[in-house]
Amino acid sequence: MSYSPFRHLSSVVWKDQPIMLTFFVTKRCNAKCSFCFYVPDTERENEISRELTLEQIKKMSGSMGNLLWLAFSGGEIFLRDDLVEIVKAFYDNNKPAIILLPTNGLLTDRIKNNMEKILEYCKNSTVVVKLSIDGPEDLHDSLRGVKGAFKKTIKTYEALAELLKKHTNFELGINTVFCAANQDYMDDTIKFVKGLNGLNGLNNHTVSLVRGSISDESLKDVDTDKYDRIIRQMQLDLRKKITGRYRFRGA
């Protein structure tokens, strides 16, 4: 039986305990995204020594109550060798209704293997993976700073799509970072992602506006009219899904 979000109604009304958590598990990353707001690339090398250990994370998780929504973030979260154990600790201690795992999708085999273990263990939670696609192949690779990144992400998508057939609590989505460099390619990107949806049951496509202190500040010089138009279009698409046969739960 799934963990019901209705368990948190009293916390929502009385605001007596947190029900949503975004936990940054690492600053390490295998990409060099020009819009990354978290940490400059030159500072990443020694980050492993600054990460919380698994035991420290278990202690922190054990001090919290039940969670409605739990998101992991980074860096690239699948670079942590103990990611599966971290997710299990939060699952056991906090019983989240939704677990969100975003990834750049570059580590296909590791991501699929870890997700098989997570899905098998966390059967009462809706488990969501969001893969990053920021535009056509050449533009995506340029923004991510990794040659061949687009092809690797699509390979990961295809590998994870197979798990949708085995695990009813699994949802697979795409996230796109909206910035000045890709704002004129958003229609093509949305069309491409919809094509993935038609093939293998992709659940959702979201767009995040570039933010924070980044290495290339020119990427933040977005046309707000273009951004507003894309958001309105995607909101309309989402409403159609909600009123149809399927409702995406993971956001």
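Since this is a predicted model, take the numbers as computed values, not measurements. Side chains are part of it too, since the values below use all heavy atoms of this structure and drop only hydrogens, waters and symmetry mates.
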Participant: For residues Val146 and Tyr157: do they belong to one hydrophobic cluster (side chain heavy atoms under 4.5 Å, members Ile, Leu, Val, Met, Phe, Trp, Tyr)?
Facilitator: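 Looking at the clustering, Tyr157 is in a separate group from Val146.
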
Participant: Please tell me if the side chains of Leu160 and Phe170 come closer than 4.5 Å, counting only heavy atoms from C-beta onward.
Facilitator: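 Counting from C-beta outward, Leu160 and Phe170 do come under 4.5 Å.
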
Participant: I'd like to check the ring pair (Phe, Tyr, Trp, His ring centres under 6.0 Å) partners of Phe78; sequence neighbours left out, ordered by chain and number.
Facilitator: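 Phe78 satisfies ring pair (Phe, Tyr, Trp, His ring centres under 6.0 Å) with no other residue.
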
Participant: Just to verify, what does Leu54 make a side chain to side chain contact (heavy atoms under 4.5 Å, CB included) with, not counting sequence neighbours?
Facilitator: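 With neighbours one apart ignored, the set is Lys58, Asp82, Glu85, Ile86.
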
Participant: For Phe35, enumerate each residue passing the ring pair (Phe, Tyr, Trp, His ring centres under 6.0 Å) test, keeping only those at least two apart in sequence or located in another chain.
Facilitator: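 Partners of Phe35 by the ring pair (Phe, Tyr, Trp, His ring centres under 6.0 Å) criterion come out as none, since no residue qualifies.
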
Participant: Which residues satisfy the salt bridge (Lys or Arg N to Asp or Glu O under 4.0 Å) test with Asp81, sequence neighbours excluded?
Facilitator: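 Partners of Asp81 under the salt bridge (Lys or Arg N to Asp or Glu O under 4.0 Å) test: Arg110.
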
Participant: Please identify each residue that fulfils side chain to side chain contact (heavy atoms under 4.5 Å, CB included) with Asp221, with sequence neighbours left out.
Facilitator: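 With sequence neighbours excluded, Asp221 shows a side chain to side chain contact (heavy atoms under 4.5 Å, CB included) to no residue whatsoever.
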
Participant: Is Val127 close to Leu101 at the side-chain level, that is, under 4.5 Å between some pair of heavy atoms?
Facilitator: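 In short, these two side chains touch, coming nearer than 4.5 Å.
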
Participant: Is Ile190 close to His205 at the side-chain level, that is, under 4.5 Å between some pair of heavy atoms?
Facilitator: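 Yes, side chains in contact.
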
Participant: What pairs of residues pass the ring-ring contact (aromatic ring centres under 6.0 Å, His included) test when at least one of them lies in residues 101-120, not counting sequence neighbours?
Facilitator: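 Matches after skipping sequence neighbours: none remain.
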
Participant: If we only count heavy atoms from C-beta on, is the Met64 to Leu21 side-chain gap below 4.5 Å?
Facilitator: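 They are in contact (side-chain heavy atoms under 4.5 Å apart), so the answer is yes.
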
Participant: For Asn93 and Ser61, which I'm curious about, is there any donor-acceptor pair between the side chains at under 3.5 Å?
Facilitator: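 Side chains of Asn93 and Ser61: pair found under 3.5 Å.
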
Participant: Any chance the side chains of Asn175 and Ser208 put a donor and an acceptor closer than 3.5 Å?
Facilitator: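 Per modelled atom types, Asn175 and Ser208 side chains form a pair under 3.5 Å.
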
Participant: So Asp109 and Ile111, do their side chains get closer than 4.5 Å, heavy atoms only?
Facilitator: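 A side-chain contact is absent here, since even the closest heavy-atom pair is not under 4.5 Å.
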
Participant: How would you list, by chain and number, every residue that makes a salt bridge (Lys or Arg N to Asp or Glu O under 4.0 Å) with Glu116, sequence neighbours excluded?
Facilitator: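 None.
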
Participant: Can you name the residues that form a side chain to side chain contact (heavy atoms under 4.5 Å, CB included) with Arg229, not counting sequence neighbours?
Facilitator: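 For Arg229, the residues satisfying side chain to side chain contact (heavy atoms under 4.5 Å, CB included) (neighbours in sequence not counted) are Asp187, Arg232, Gln233.
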
Participant: Could you pull out all residues at least two apart from Lys112 that satisfy salt bridge (Lys or Arg N to Asp or Glu O under 4.0 Å)?
Facilitator: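 For Lys112 the salt bridge (Lys or Arg N to Asp or Glu O under 4.0 Å) partners, ignoring immediate neighbours, are Glu162.
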
Participant: Which pairs, with at least one residue in residues 98-125 and sequence neighbours excluded, count as a ring-ring contact (aromatic ring centres under 6.0 Å, His included)?
Facilitator: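 Matches after skipping sequence neighbours: Tyr91-Tyr121.
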
Participant: Could you check if a side-chain atom of Leu107 sits within less than 4.5 angstrom of a side-chain atom of Leu79, using non-hydrogen atoms only?
Facilitator: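 A side-chain contact exists here, since the closest heavy-atom pair is under 4.5 Å.
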
Participant: For Ala159 and Thr108, work out which heavy atoms get closest and say how close.
Facilitator: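 Looking at all heavy atoms of both residues, the closest pair is CB-CG2, 4.1 Å.
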
Participant: Please determine whether the number of non-hydrogen atoms from other residues, nucleotides or ligands lying under 6.0 Å from atom OH of Tyr185 exceeds 12.
Facilitator: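 Incorrect, the count does not exceed 12.
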
Participant: Whether Arg28 and Glu76 form a salt bridge (side-chain N of Lys/Arg under 4.0 Å from carboxylate O of Asp/Glu) is what I want to check.
Facilitator: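 Looking at Arg28 together with Glu76, the answer is no, because their closest N to O distance does not fall below 4.0 Å.
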
Participant: Holding to salt bridge (Lys or Arg N to Asp or Glu O under 4.0 Å), I want the full list of residues that pass it with Lys220, two or more places apart in sequence or in another chain.
Facilitator: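 In terms of salt bridge (Lys or Arg N to Asp or Glu O under 4.0 Å), with neighbours along the sequence ignored, Lys220 is linked to Glu217.
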
Participant: Taking C-beta and beyond as the side chain, do Thr176 and Asn182 meet within less than 4.5 Å on heavy atoms?
Facilitator: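 Thr176 vs Asn182: side chains touch.
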
Participant: Please name all residues satisfying side chain to side chain contact (heavy atoms under 4.5 Å, CB included) with Met20, sequence neighbours left out, ordered by chain then number.
Facilitator: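 Side chain to side chain contact (heavy atoms under 4.5 Å, CB included) check on Met20 returns Trp69.
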
Participant: Does atom NZ of Lys155 have more than 12 heavy-atom neighbours, drawn from other residues, nucleotides or ligands, at distances under 6.0 Å?
Facilitator: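 No, the 6.0 Å shell around NZ holds no more than 12 heavy atoms from other groups.
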
Participant: Taking side chain as C-beta onward, heavy atoms only, is His140 less than 4.5 Å from Thr153?
Facilitator: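 His140 reaches Thr153 side chain to side chain.
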
Participant: Is it the case that the ring center of Phe90 lies less than 6.0 angstrom away from the ring center of Phe23?
Facilitator: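 Phe23 vs Phe90: aromatic centres under 6.0 Å.
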
